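Here's the structure we're looking at; comments come further down.
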Amino acid sequence: SLSELAAVFQCVLEKAKGTLGKIEEEEWRVSDKMREIRMLLKQEESIGFETLFSVERSKLELIVFFLAVLELMKLNEIRVNKKMNQMVVV
């Protein structure tokens, strides 16, 4: 459900590295992250949330990834399922 998806994403954001004391000039676009997710799904049948939402990414990048997942779901290009208590993108 959407509430489960939001709860999992909230946990990811809490674990993500902060940007304190660091100025980043990187720019992320939802369309770029959508393309990246599509490419990953061509290589793998499914992608675990831990892989997609790596805590090594900045919080801003994680938010853009989450928006890309929501957009791809809206377009019926992907589904988010729960497998063995873990969320996966298929």
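Side chains are part of it too, since the values below use all heavy atoms of this structure and drop only hydrogens, waters and symmetry mates. As the structure is a computational prediction, the values presented were derived from the model and not from experiment.
Each ring pair (Phe, Tyr, Trp, His ring centres under 6.0 Å) pair with one or both residues in residues 71-90, not counting sequence neighbours, would appear here, but there are none. The list of ring pair (Phe, Tyr, Trp, His ring centres under 6.0 Å) pairs with a residue in residues 67-90, not counting sequence neighbours, is empty. Residue pairs meeting the ring pair (Phe, Tyr, Trp, His ring centres under 6.0 Å) criterion with at least one partner in residues 71-90, sequence neighbours excluded, are absent.
For R57 (side chain) and L52 (main-chain N/O), a donor-acceptor pair under 3.5 Å exists by modelled atom type.
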Would F49 and V89 count as a side-chain contact (heavy atoms from CB on, under 4.5 Å) if you check the C-alpha gap in whole Å, the side-chain angles of each, and the deciding distance to 0.1 Å? CA-CA 7 Å; F49 258 49; V89 176; 3.7 Å; yes

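When the salt bridge (Lys or Arg N to Asp or Glu O under 4.0 Å) test is applied to E44, no partner is found at least two apart in sequence or on another chain. Taking the side chain to side chain donor-acceptor pair (under 3.5 Å) definition, one finds that N81 meets it with nothing, sequence neighbours left out.
To the nearest 0.5 Å, atom CG of residue D32 and atom CD of residue E61 are 10.5 Å apart.
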Table please: side-chain donor-acceptor pairs of residues 64-80 below 3.5 Å, with sequence neighbours left out.
unit_1 : atom_1 : unit_2 : atom_2 : d
E77    : OE1    : R38    : NE     : 2.7
E77    : OE1    : R38    : NH2    : 3.2
E77    : OE2    : R38    : NH2    : 3.0

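Heavy-atom minimum distance, L41 versus S46: CD2-CA, 4.1 Å.
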